[in-house]
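Report on the following structure.
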Amino acid sequence: MSNEHEYDVTAIQEKWLPIWDELKPFDSNKPGDTRPKKYVLDMFPYPSGDLHMGHAEAYALGDVIARYWAQKGYNVLHPIGWDSFGLPAENAAIKRGLDPKGWTYDNIAQQRASMRRYACSFDWDRVLVTSDPIYYRWNQWLFLEFYKRGLAYRKNSAVNWCPSCQTVLANEQVVQGLCERCDSVVTKKALTQWYFKVTDYADRLLDDLDTLEGNWPGKVLSMQRNWIGRSYGAEVDFEIEGRAEPVTVYTTRPDTLFGATFMVVAVDSALASELVEESESEIHSAFDAYLEQTKKSNDIERLATDREKTGVFTGRYAINPVNGERIPIWASDYVLADYGTGAIMAVPAHDARDGEFAAKFDLPVRVVVDNQDDIAGDGPHLNSGEFDGLHKEEASEKIVAMLEAKGKGKKAKNFRLRDWLISRQRYWGTPIPIIHCDSCGEVPVPADQLPVELPSAEGLDLKPKGSSPLGAAEDWVNVACPTCGKPAKRDSDTMDTFVDSSWYFLRYLSPKSETEAFPVEAAKEWAPVDQYVGGVTHAILHLLYARFFTKVLHDIGLIDFEEPFTRLLNQGMVQMNGSAMSKSRGNLVRLSDQLGEHGVDAVRLTMAFAGPPEDDIDWADVSPAGSAKFLARAWRAANDVTSAPGVDVTTGNKELRKATHSFLRDFGPLIEGFKFNVGVAKLMELVNALRKAIDGEAGGADPAVREAAEVVAVGLSLFAPYTAEDMWELLGHKPGVALAGLPAADESLLVESSIVAIVQVDGKLRDKFEVSVSITADELREKALSSDAVKRALGDSEIANIIVREPKLVSIATK
RNA sequence: GCCGGGAUGGCGAAAUGGCAGACGCGGAGCACUCAAAAUGCUUUGUCGAAAGACGUGUGGGUUCAAGUCCCACUCUCGGCACCA
């Protein structure tokens with residue numbers, strides 16, 4: 001074979017990259033562009049070293065979608081940036097004695113070069129980097145907008161504390177009692193911290209999930225629903241002996257109020273401490289000891305499922321409002337201080353936890369629902385006075401109505417969701433734009449003084465020590481109060497990096513703007529994001545926060561939509577030999593090695609072809625070498641086309657044309673349905689048909705061969721942009737296969753004149769034969785019954801029924 | 001414990017209730033070659049020489065017809081988990 005017929009991956013890559021840099025086919029900001037708009041967004045990377053196999057999968061799949069819509073004639077906005085603030089940069093910097101800034105920006109440069117080579121259809125004029133002051137000044141601006149509206153506030157409470165990272169964590173960052181970053185056991189610490197008032201939006205965050213049904217993975221929707229965790233029930237007031245104010249409890253089962261035989265308050269609540277205040281000293285000291293022990297324990301111990309219930313009696317009594325009964329008040333750690341009211345009515349007969357507690361401390365149990373004949377737990381009520389005989393729903397309603405009439409209770413709902421703690425005691429983040437003044441209190445930094453830039457890390461001790469390193473930056477932290485001018489101090493904490501990613505999709509619309517966070521008019525045209533692509537690891541955190549920000553921005557009047565991401569695709573993970581890749585496991589596959597060995601196109605194609613995008617890929621099970629082989633085969637076919645561009649294809653080989661147009665019919669719906677692997681399979685079928693035609697009767701000069709080769713090039717451009725572009729050139733076209741477009745399928749070529757009919761006897765396939773598509777039911781039945789194979793299968797049995805679905809099928813049932 | 005997925009050849013996987021296993025990997029064979037690689041072609045669910053039988057985790061059901069729908073179960077992977 002001569003040299004010019006060799007498929008040389010490296011040469012092709014080197015050839016096209018500079019040409020694309022010049023041509024900018026994916027510039028989404030061309031003046032006078034009238035194409036309809038489409039916003040396709042990949043979750044932006046964190047710059048921790050070079051790109052890895054996981055990135056390669058995510059960006060390959062996102063690019064298939066972006067390139068598909070570009071081929072369909074859309075002006076596709078497909079941007080990329082870096083989520084570059086955060087702990088790993090800081091920890092790496094401490095470890096290596098470097099500035100987090102240098103480490104971060106070096107990694108960005110490396111990832112950027114890798115991405116360019118990976119040839120995604122990014123618009124390189126819209127790059128954003130969250131650690132740039134030009135970006136994070138708008139974090140600060142948004143923070144102050146939130147602050148103005150009471151959506152950012154400071155409170156003192158027991159917060160999650162990671163003793164290793166030496167910083168607080170949001171609820172969402174605590175996974176099974178462990179820090180999501182470093183797996184240290186999370187403890188509690190009382191601190192004054194900044195929060196965003198997500199709970200104000202709990203109902204909308206939950207209810208609007210319904211509008212995403214079908215367009216987001218069901219798994220993500222259910223995880224979000226679970227996380228928000230709305231429950232309906234009632235608040236009930238219990239009078240307390242010797243206390244002026246009643247104590248309110250929250251319950252989802254007001255119907256079981258007659259079975260409430262004691263009350264439990266969270267041991268770490270203010271209420272508990274207050275209640276024991278007046279109790280005898282013995283009780284008081286027992287309580288203190290128990291509280292001390294609780295504070296020392298961490299969530300891991302607290303949440304162990306098989307753990308026995310613990311608690312102490314407070315020495316106080318409450319009065320059950322429905323029957324006037326005097327019930328003891330206990331304190332325990334199984335009641336949470338920050339859910340509901342921090343106090344519960346215990347119904348040991350019908351709540352497993354209360355039951356365990358009652359058994360442990362020998363407290364009375366009263367059955368109020370007869371569940372003997374009803375495993376669903378909705379038997380008739382008893383021991384409930386006038387409510388006896390009623391079932392759950394009716395009993396609840398009537399009891400709540402009675403409480404309401406007496407002013408002792410009301411309907412209520414509760415959420416699992418807590419407000420978002422955004423303060424972090426670390427250096428590498430957005431400074432919180434608040435100044436603390438002894439006379440004026442919290443003073444927002446005036447808008448014209450934004451951004452509050454991070455001071456240089458030089459001379460600062462970044463080692464975690466429980467307070468922000470920024471506190472030691474004397475020149476930075478000490479300022480004059482903007483209101484009174486007296487000496488004051490900047491807030492030295494930085495924001496959680498999830499603040500950065502909560503609105504970045506809007507910033508891509510004007511990443512360099514110094515006058516606004518994002519352009520309101522352009523947002524109307526481009527946003528919300530039509531297609532979001534990223535890992536399921538962000539199913540709760542990032543997506544919930546971004547949804548919250550979107551709703552706030554909507555309420556402020558800056559955007560006209562309430563959900564940021566219309567459609568969501570969660571790609572799976574890339575594994576090796578059955579487990580996640582890691583250096584310590586020794587199963588790390590380096591992306592750069594794979595790209596060097598097989599080429600960019602083959603790696604990308606492998607990601608798309610391996611299976612459904614949401615499934616994990618085990619790199620040991622797939623074949624990038626096979627992908628490379630296929631690409632070479634497709635490329636060689638383009639080489640073998642000898643007709644001129646623009647040749648009249650209608651005279652071409654019928655069979656090949658049919659294959660081409662049936663591909664054109666199938667391809668679009670497959671890609672739009674995320675069935676990329678099947679789309680690639682269809683391309684392979686077309687290449688096989690093309691090869692056959694070139695080597696067979698049709699030959700390389702047949703116009704149908706050109707038609708098929710061009711369709712292959714365009715289809716392939718979604719997965720293998722280099723090979724596709726090179727094929728396009730071989731076929732005599734100017735560079736630009738990415739925007740060449742796919743022709744519509746010519747349906748007239750797809751009309752079949754004959755079809756293979758099948759005959760089943762008792763559900764088993766017995767014969768098949770070619771028939772005209774216009775065959776009548778009677779003719780088909782006759783043909784089936786006269787078939788030898790069918791006769792043999794029927795034997796002596798009597799026919800009970802014959803179903804004919806002409807022209808495809810005859811189904812014979814015997815008696 | 002609760003809520004969701006999933007289970008199809010040696011492997012990754014296809015399949016609007018209508019020919020199970022498309023497409024690919026791997027295997028076998030042939031051609032080309034002095035030879036190998038590369039390439040092209042043929043073949044490849046299991047058992048069987050063949051006819052044929054069996055076959056989509058298990059057991060039932062609906063249907064002329066079930067991988068697909070219904071019921072029960074097993075295994076497996078996620079998520080949540082003292083939220084009253």
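Within every chain, numbering begins at 1; the chains are lettered A, B, ... in the order of the sequence lines, protein sequences first and strands thereafter. Every heavy atom of this structure was used, including side-chain atoms; hydrogens, water molecules and symmetry mates were not.
Closest to the A/Asp351 side chain, of the nucleotides B/G24, B/A84, B/C64, is B/A84. The nucleotide whose nearest atom lies closest to any side-chain atom of A/Phe609 is, among B/G24, B/C19, B/A14, B/G24. With B/G52, B/C23, B/A84 as the candidates, the nucleotide lying closest to the side chain of A/Thr252 is B/A84. Residue A/Val678 has its side chain nearest to B/A15 when only B/A13, B/C19, B/A15 are considered.
Rounded to whole Å, the separation between the P atoms of B/A53 and B/U43 comes to 23 Å.
Between A/Trp420 and A/Tyr545, the ring planes lie parallel to each other; the angle is under 30°, not in the 30° to 60° tilted range.
Taking 3.5 Å as the limit, the base of B/C82 and the side chain of A/Lys309 contain a donor-acceptor pair of atoms between them.
Remark: A/Glu752 engages A/Lys658 in a salt bridge, criterion side-chain N to carboxylate O under 4.0 Å. Using a 4.0 Å cut-off between charged nitrogen and carboxylate oxygen, A/Lys764 and A/Asp762 do not count as a salt-bridge pair.
Along RNA chain B, the nucleotide closest to A/Ala610 and the one closest to A/Thr251 are compared, and the more 5′ of them pairs with A/Ala610. Position along RNA chain B of the nearest nucleotide to A/Lys764 versus A/Ile803 favours A/Lys764 as the more 5'-ward residue.
We find that NZ of A/Lys675 is positioned 13 Å from C1' of B/C23, with the value rounded to whole Å. Distance, A/Glu6 CD to B/U39 P: 10 Å, rounded to whole Å.
At distances below 3.5 Å, not a single donor-acceptor pair connects side-chain atoms of A/Tyr250 with backbone N or O atoms of A/Lys413.
Contact annotation: A/Asn688 does not reach the phosphate of B/A22 (side-chain N/O to OP1 or OP2, under 4.0 Å). Contact between the side-chain N/O atoms of A/Arg416 and the OP1/OP2 oxygens of B/A81 is found at a separation under 4.0 Å.
In this structure, B/A66 makes no Watson-Crick or G-U wobble pair, since no nucleotide meets both defining distances under 3.5 angstrom.
Taking syn as a glycosidic angle within 90° of 0, B/G4 does not qualify and is anti.
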